[in-house]
Amino acid sequence: MVQEAVRPKFRGSQPLKSKVVPRYPESAEREFQRVARAYLKLLRDSLKDHLPAIMAAYKKERHGDSRFDDAQDLNREVREEMQKVAEELEQKIAAFGLYEFVEKVGKMTQRASLREWKRVVRETLGIDLMDDYYKGDFYAEALRRWVDENVLKIKSIPAETLGNMQQLILDGFVHGMPMREIQKAIQKEYGTTKSKAVLLARDQVSTLNAQISRQQQQDAGCSKYRWSDSRDGRVRDCHRSLNGKIFSWDNPPEMWYITKKSGKVMTGRRCHPGEDHCCRCVAIPVFDIDTLDIPMKSDK
Ligand SMILES: [Zn+2]
C-alpha cells in the first residue's frame, strides 16, 4: 500500500534523498546543559557558606608555630567543615530530582527526533506517519537505558568534586600555598567540572538522537543515509569532509583528526552522524522504494 502511495515521488529518482535535512534537537541540548549547570550549582551554593570558615581555619593555622600540630588541627577543622558541606549537598541533591530532569530531557530529544522524522516523510514521500507507531518497545527501552546511564554519570559529580577540593586545601597547606592560590585552585576545579558536565550533556543528547534516528530510518527500510554537518564554524575537519557523502548504516566511516605534528591521524573508531564526541551532524535518510516500509496513517 505504501509503495503505491509514494510511487510518483520516486519517478526518475530511485533511491530518493530526503527533501529536508532533519534538525538537530537544539532545545533538548540546551535544556540538558541548563540542568547540568543547575545541578553543579548545588555544590557551589553549599560551599559558599562554608568556604570562609575553611579559609579562616587555614589562615589561623598558617600563622601558628608548630607546623606538624597545625597540620593536624587544620586537617580536623577542614574535615569538619567539609563534612557540613557534604551533608548540605546531599540534602540539596536529594531534593533536586535529577532523575525527573534527565527523563524530561530524554523525552524532549525523542519527541524532537520523531517530529523531524515525520517532517522528512511528509516533505519527501508526501505521506503521514501513523501516530502511535514510534511508541514501540525499542524506543521506550532506549529511553529508559539512556536516562539510567546519564543519571549514573551525573549523580556523583558534585560529591567527587567536593572530595577533590578538600584534597586541594589539605595539599595546599602541606606545601605552604598562599590562601588566594588555594581559592583559585578551588575555583578552577569547579570550572573544569562544570565544563565537563556541560559537554557531557551535549554529547548525550546527540547520542540519543543518533540512536533514535538510526532505528527510525532502518525500520523504514533505508539502508543508506547522507552525512550532513551542522554547517557552523565548530564543525571538525573530518566531519566537514564527510558532509554530503552517502554511507551505509552497515558501514560507518572511520573518524580522524588533524594534529600540527603528525597531520591526519586515523582513530580506528567508526561513527555514524551524532555518534562521535559532541557531534551535531545528522543523517539525511535515503529512501528505496523496494525496501520502503513505513506505517502510513490509514485515514488519508
Ligand atoms: Zn559531527
Side-chain angles (χ1 to χ4, degrees), residues 15 17-36 102 105-106 108-117 119-120 123-124 139 142-143 145-146 149-150 153-154 194-220 222-287:
K17 269 177 285 202
S18 171
K19 299 255 188 279
V20 290
V21 180
R23 282 182 284 243
Y24 179 83
E26 295 271 1
S27 52
E29 181 185 295
R30 271 199 304 274
E31 176 62 11
F32 205 4
Q33 293 185 330
R34 191 193 65 77
V35 171
V102 174
V105 171
M108 273 178 85
T109 309
Q110 204 172 33
R111 267 199 309 276
S113 300
L114 180 54
R115 194 173 52 235
E116 288 306 299
W117 178 233
R119 191 168 72 91
V120 161
E123 298 291 321
T124 310
Y139 298 96
L143 179 69
R145 227 184 13 244
W146 184 86
E149 273 172 22
N150 279 284
K153 276 182 188 154
I154 297 168
K194 198 170 91 173
S195 316
K196 271 191 206 152
V198 168
L199 268 185
L200 174 81
R202 161 170 296 169
D203 188 48
Q204 290 299 306
V205 165
S206 73
T207 302
L208 181 63
N209 185 52
Q211 196 185 357
I212 296 170
S213 305
R214 177 182 184 169
Q215 186 73 22
Q216 283 165 342
Q217 294 185 22
Q218 288 192 297
D219 275 355
C222 301
S223 59
K224 291 185 164 68
Y225 63 83
R226 184 180 196 168
W227 193 293
S228 171
D229 71 24
S230 56
R231 287 170 290 182
D232 60 26
R234 287 185 296 172
V235 178
R236 61 207 95 175
D237 294 333
C238 168
H239 297 196
R240 193 177 297 117
S241 79
L242 300 171
N243 187 47
K245 293 192 178 137
I246 307 267
F247 296 98
S248 163
W249 281 115
D250 294 337
N251 190 21
E254 187 179 347
M255 301 292 110
W256 50 265
Y257 59 92
I258 301 271
T259 62
K260 274 199 182 126
K261 221 170 151 193
S262 339
K264 188 169 171 178
V265 179
M266 300 307 285
T267 63
R269 268 184 311 111
R270 293 182 166 273
C271 296
H272 293 299
E275 290 180 355
D276 203 2
H277 309 297
C278 294
C279 171
R280 295 149 56 93
C281 298
V282 293
I284 304 176
V286 176
F287 295 97

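Keep in mind that the numbers below use all heavy atoms, side chains included, and drop hydrogens, waters and symmetry copies. When a ligand or atom number is given, it counts from 1 through the structure's own listing order.
- Relative ring orientation between Trp249 and Tyr225 is described as tilted, the plane-to-plane angle lying within the 30° to 60° band.
- Using a 4.0 Å cut-off between charged nitrogen and carboxylate oxygen, Glu275 and Arg270 do not count as a salt-bridge pair.
- One side chain, Asn209 or Ser113, offers a donor N or O that lies under 3.5 Å from an acceptor on the other.
- Partners of Ser27 by side chain to side chain contact (heavy atoms under 4.5 Å, CB included), not counting sequence neighbours, listed by chain and number: Arg30, Met108.
- Ordered by chain and number, His239 ND1, Cys279 SG, Cys281 SG make up the set of protein N, O or S atoms under 2.8 Å of the Zn ion (ligand 1).
- Note on ring orientation: taking the six-membered ring where Trp is involved, the planes of Trp227 and His239 are perpendicular (angle over 60°, cut-offs 30° and 60°).
- Between Tyr139 and Trp117, the gap from one ring centroid to the other reaches at least 6.0 Å.
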